[in-house]
Amino acid sequence: MEYKPSRIEQKWQTKWQESNAFEPSDDKTLPKKYILSMFPYPSGRIHMGHVRNYTISDAISRHYRKAGFNVLHPMGWDSFGMPAENAAIKHKLHPKKWTYENIDYMRQELATLGLSFARTREFATSDPLYTKFEQEFIIRMFEEGLLYEKIQSVNWCETCHTVLANEQVIEGCCWRCDNEVELREMPGYYIAITKYAQELLDDLKKLEEGWPKQVLTMQENWIGRSEGLAFTLTLSEASIEKTEGEITSFDVFTTRPDTIYGVSYTALAPEHPIVKLLLDKNLLSEEKIAAIRAMQNMPEVERATSEKEGVDLELHVIHPLTGAEIPVWVANFVLAGYGGGAVMAVPAHDQRDYEFAAKYGLPVKEVIASDKSQLDKEAYTLEGVLVNSGEFDGMKNSKAKREIIKLFELKGIGKKQVNYKLRDWGISRQRYWGAPIPFIHCPSCGLVPEKIENLPVTLPDDVEITGEGNPLDKHPTWKQCSCPRCGGDATRETDTMDTFVQSSWYFLRYCSPNPEDVPFHREDVDYWMSVDQYVGGIEHAILHLLYARFFTKALRDLGYINIDEPFANLLTQGMVLKDGSKMSKSKGNTVDPDKLIEKYGADTARLFILFAAPPQKELEWNDSAVEGAFKFIKRLVDRSGNITVKSLPEIDHQSLSKEEKTARKKVYEALIRSNEIYNTRSFTFNTVIAATMEALNALNQQNNPLVWSEGYYVLLHILEPVIPHICWELSEHYFDLKNFAQIDIPEEVLEEDSIVLAVTINGKKRDEIEVSKETPKEEILEAAKVQCAKWLEGKSIVKEIYVPGKLVNLVVK
RNA sequence: GCCUGGGUGGUGAAAUUGGUAGACACGUCGGAUUCAAAAUCCGAUGGCAGCGAUGCCGUGCCGGUUCGAGUCCGGCCCUAGGUACCA
């Protein structure tokens, strides 16, 4: 049989489509698997990352279908976002037109891969129907106090009169006009994800089985729980006078209360109210004011990498235990949003404080004894015993932490506090192509949500996207409205939502085929959720996956659903690289999936991408390896002529030749390997494919027609998830598709008469011995010694190690 | 800067999780087939030395634990992803 992929692939894609082959059953008594890959942003064309993502989830889906599960494997489009506006700016295309044309094109591209999607559930997040329910959720969150407005700091380009995303700031300048970017404060909407910080942290335990450890660790560190002491520092009399009595104290948080006697200065964030007051009242020299303004203008990312800098604010606070006067500084490394934006600095026992103190000549006071006098070089941050700490001298610092907190609580001057790194989620974007935030500003009623029956609040089509200003704000009439509460003239909110909001609940919408009256049917969600296998890029390890986890919990508490976690199992795939770096248009190192499919067919593309590397790893593109994948399929087709029995044949194993036995063994080993990668969820398809190649090579070493037939029966079953078109073609022809079901493993095939043991001397391999399975340890050791006599000459054996089934190690002197 | 990964032949990788390093492929070389080429098939292929049996070296670098380390521990280098200086 000649292998013509295009004809075969078209045939099966048409058949699958016409029979709606991959739509799940409505029968909710069936065991289910919800297999989900992260939906694509419709950027214009699919790229190799998509091919990889959807091939992986497709292979998993196909496997579970054959194993008897009701499988949901949906697809949709994450269609709001900046690139549509960038295209509008560059090519004067309307974001909507650009987006939906891209979707139509990419849907066709994906279809040529033979992916087994449930088609009735497809949607784009920019569809007004999707926006409608999302706005409903946002309003419900507002009503429950989960959404609020506050002042935020954003990147602002004065030339373009627009807010810039971090990505649009290139070396501190605007991507369009190269003007220097400044920070500007404006109101924005926040979702109170921090209310769920503890649950998000605790529930990571529920994911230990199903999620990569790496991702759990990243999320744990991101949430960043820490326990410590919160207390108030009071300004000295003279300092209070200086601020004209407006400020008398401020709060600090520390995780190291045990070092409190070592405080030699305190540091405030550049955004701290005290700093603002000093600037407003002009209480510092011009030089200092300029330095502070420079700090305030530096975005946080940049502050993180720049050198530590500070300014002496010429104020003092009183040490709560010693009564000593301590100077107050402003420092660029203190974060405004964490622990009150103020820290107590202990240079002797914190490296960052140490460096700052060294730079500005502030005292270093040792309060935890260190062995060497290393404080000349760096801070001592390990455990130890307290010194120079009054009544706490001689106490272990771990105990002192607790005791000092107790003392503060007893005196009523501080308390134990739990802090999280996690911050509330700012969802405001000053852009056009997003879901409008459904609120109205009324001069008399204040902030009022839109009425639910008026949803969705949709985008106006008649806008011009220029990159200057905010299109919704600039629109002549769109924002004019009447207040839903009092009916008076009011203004519509012109901010749209962060696109992470859409990707935080799309998996729920898939559970029902696009209902119009509800976001999803409760009984569908109860049946399909949680997602049994989520597949997507490692780059989403924190933000998307954390927001989706949060949203699930929030919707649960709003009464919409009844689950705690959305994704039971997670597979994070590596990126597709070429010439060592990420494929991207700007680097000109892309490989077009369409061309690949046209030349070799979808099966080859799928086989290559699954064979080239384990899914978790980065995948380096290699043109000639694609050729190799194609050759394997051709060989598979060519050898199929050896099939003579159109079912699973009965074989008398004992009567077979050595080659025939080996061939059968390799075939079933491949099946075992295949079952294993799904059962352990390692999904290392590369090893299964290698095993099927070994099996085909072994089949080729013999010519028993029964062994050939059995081999194909099993191999086509194993390979179907990877190269579905050709497997369906061959299986239909030879086996009536009956091999696409569970296959039992005949035990006798795997049995071995003898085993080969390595003989190592001092851990170095010297020889091998073949022994029967029942040979006792003593005999094996004796045989090893005889066989390796030449290595043992003149030496004495000190130790003999026998690892059953593996090796013998003789330790000699 | 911080958090989390990764580093094994010319290349992609495998290694039953502490037990024979390099399975399976790609590439290269040699051979068969062919008028010739393509396709296909067979064989060799970690490095160095040797005609050879064989020997020595070898999993980013330095050190450690162990009878035995790609795998565990400490330190470093390079690299990728994330990012909000986390007190």
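Quick caveat: nothing in here was measured; it's all calculated off a predicted structure. Lettering follows sequence order; numbering is per chain, from 1.
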Engineer: Do R256(A) and A87(B) share a donor-acceptor pair, side chain to base, under 3.5 Å?
Structural biologist: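 No pair found.
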
Engineer: Anything under 30° is parallel, anything over 60° is perpendicular, the rest tilted; go ahead and classify W425(A) against Y547(A).
Structural biologist: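 Plane angle under 30°, so parallel.
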
Engineer: Which nucleotide, if any, forms a Watson-Crick or G-U wobble pair with A36(B), using both distances under 3.5 Å?
Structural biologist: none

Engineer: Applying a 3.5 Å limit to both distances, which nucleotide forms a Watson-Crick or G-U wobble pair with G30(B)?
Structural biologist: C42(B)

Engineer: Report the nucleotide, chosen from C24(B), G19(B), A87(B), that has the shortest atom-to-atom distance to any side-chain atom of D350(A).
Structural biologist: A87(B)

Engineer: What nucleic acid atoms does F632(A) come within less than 4.0 Å of, heavy atoms only: base, sugar-phosphate, or nothing?
Structural biologist: nothing

Engineer: Side-chain N or O of K617(A) versus OP1/OP2 of A13(B): is the shortest distance under 4.0 Å?
Structural biologist: yes

Engineer: What is the distance, to the nearest angstrom, from the CG atom on L619(A) to the P atom on U79(B)?
Structural biologist: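 Distance check: L619(A) CG to U79(B) P gives 21 Å.
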
Engineer: Whether the S153(A) and R184(A) side chains hold a donor-acceptor pair (N or O, under 3.5 Å, no angle test) is what I'd like checked.
Structural biologist: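 Per modelled atom types, S153(A) and R184(A) side chains form no pair under 3.5 Å.
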
Engineer: Nearest to the S226(A) side chain among C41(B), A87(B), G19(B), which nucleotide is it?
Structural biologist: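 Among C41(B), A87(B), G19(B), the one nearest the side chain of S226(A) is A87(B).
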
Engineer: How would you label the contact of G628(A) with the nucleic acid (heavy atoms, under 4.0 Å): base, sugar-phosphate, or nothing?
Structural biologist: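 Sugar-phosphate contact only - G628(A) comes under 4.0 Å of backbone atoms but never of a base.
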
Engineer: Reckon N700(A) has a side-chain N or O less than 4.0 Å from the OP1 or OP2 of C42(B)?
Structural biologist: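 The answer is yes; a side-chain N or O of N700(A) sits under 4.0 Å from OP1 or OP2.
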
Engineer: Starting at the 5' end of RNA chain B, which residue's closest nucleotide do you reach first, I542(A) or I689(A)?
Structural biologist: I689(A)

Engineer: Can you tell me how far P of C3(B) sits from CG of L216(A), to the nearest Å?
Structural biologist: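 Distance check: L216(A) CG to C3(B) P gives 18 Å.
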
Engineer: With sugar-phosphate meaning primed atoms plus P, OP1 and OP2, does V811(A) contact a base, only sugar-phosphate, or nothing at under 4.0 Å between heavy atoms?
Structural biologist: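 Sugar-phosphate: the residue V811(A), judged by heavy atoms under 4.0 Å, touches backbone atoms but no base.
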
Engineer: Scan every strand shown for a Watson-Crick or G-U wobble partner of U71(B), both distances under 3.5 Å, and answer none if you come up empty.
Structural biologist: none

Engineer: Checking H319(A) side chain against I260(A) main chain: does a donor-acceptor pair fall under 3.5 Å?
Structural biologist: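 A pair under 3.5 Å: yes.
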
Engineer: Nearest heavy atom decides the nucleotide; on that basis, is K666(A) or T760(A) closer to the 5' end of RNA chain B?
Structural biologist: T760(A)

Engineer: Rounding to a whole Å, what distance do you find between R635(A):CZ and C26(B):C1'?
Structural biologist: 12 Å

Engineer: Inspect the contact between E676(A) and R673(A) and indicate whether a charged nitrogen and a carboxylate oxygen are less than 4.0 angstrom apart.
Structural biologist: yes

Engineer: Would you mind classifying the nucleic acid contact of Q616(A) as base, sugar-phosphate or nothing, using non-hydrogen atoms under 4.0 angstrom?
Structural biologist: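 It contacts nothing in the nucleic acid.
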
Engineer: Assign N686(A) to base, sugar-phosphate, or nothing according to its heavy-atom contacts below 4.0 angstrom with the strands shown.
Structural biologist: sugar-phosphate

Engineer: According to the Watson-Crick and G-U wobble definitions, with both distances under 3.5 Å, which nucleotide is paired to U83(B)?
Structural biologist: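 Base-paired to G1(B).
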
Engineer: Return the orientation label for the Y360(A) and F356(A) ring planes: parallel under 30°, perpendicular over 60°, tilted otherwise.
Structural biologist: tilted

Engineer: Name the pairing partner of G52(B), where a pair is Watson-Crick or G-U wobble with both distances under 3.5 Å, or state none.
Structural biologist: none

Engineer: With the side chain of M575(A) defined as its heavy atoms from C-beta on, choose the nearest nucleotide among A87(B), G19(B), A80(B).
Structural biologist: A80(B)

Engineer: Would you mind telling me which of U4(B), A14(B), A23(B) lies closest to the side-chain atoms of Q214(A)?
Structural biologist: U4(B)

Engineer: Separation of R766(A) atom CZ from A21(B) atom P, in whole Å?
Structural biologist: 11 Å

Engineer: Among C67(B), A14(B), A84(B), which is the nearest nucleotide to the side chain of L335(A)?
Structural biologist: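 Looking only at heavy atoms from C-beta outward on L335(A), the closest nucleotide is A84(B).
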
Engineer: The side chain of L543(A) lies closest to which of these nucleotides: A87(B), U83(B), U20(B)?
Structural biologist: U83(B)

Engineer: Between G19(B), A87(B), U20(B), which one does the side chain of F253(A) approach most closely?
Structural biologist: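 Nearest nucleotide to the side chain: A87(B).
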
Engineer: Please report the distance, rounded to the nearest Å, between CD in E539(A) and P in U4(B).
Structural biologist: 19 Å

Engineer: Counting only Watson-Crick or G-U wobble pairs whose two distances fall under 3.5 Å, which nucleotide matches U16(B)?
Structural biologist: none

Engineer: At under 4.0 Å between heavy atoms, what does A541(A) touch on the DNA or RNA strands: base, sugar-phosphate, or nothing?
Structural biologist: nothing

Engineer: Can you tell whether the side chains of E669(A) and K665(A) come within less than 4.0 Å, N to carboxylate O?
Structural biologist: yes

Engineer: Going by purine N1 to pyrimidine N3 plus the second Watson-Crick contact, or the G-U wobble pair, all under 3.5 Å, which nucleotide sits opposite G6(B)?
Structural biologist: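 Matched G6(B) with C78(B) under the 3.5 Å cut-off.
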
Engineer: Quick one: do I745(A) and N675(A) satisfy side-chain contact (heavy atoms from CB on, under 4.5 Å)? Show the steps, please.
Structural biologist: CA-CA 11 Å; I745(A) 293 154; N675(A) 291 337; 4.3 Å; yes

Engineer: From C-beta outward on W222(A), which listed nucleotide comes closest to its side chain: U83(B), A87(B), C56(B)?
Structural biologist: U83(B)

Engineer: Taking N and O atoms by type only, does the side chain of N221(A) place a donor or acceptor under 3.5 Å from a partner on the base of C3(B)?
Structural biologist: no

Engineer: Picking from G19(B), A15(B), C24(B), which would you name as closest to the side chain of I801(A)?
Structural biologist: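 Out of G19(B), A15(B), C24(B), the nucleotide with an atom closest to I801(A)'s side chain is G19(B).
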
Engineer: If pairing requires Watson-Crick or G-U wobble contacts with both distances under 3.5 Å, which nucleotide is the partner of U66(B)?
Structural biologist: none

Engineer: Round to the nearest Å and state the distance from D638(A) atom CG to U40(B) atom C1'.
Structural biologist: 8 Å

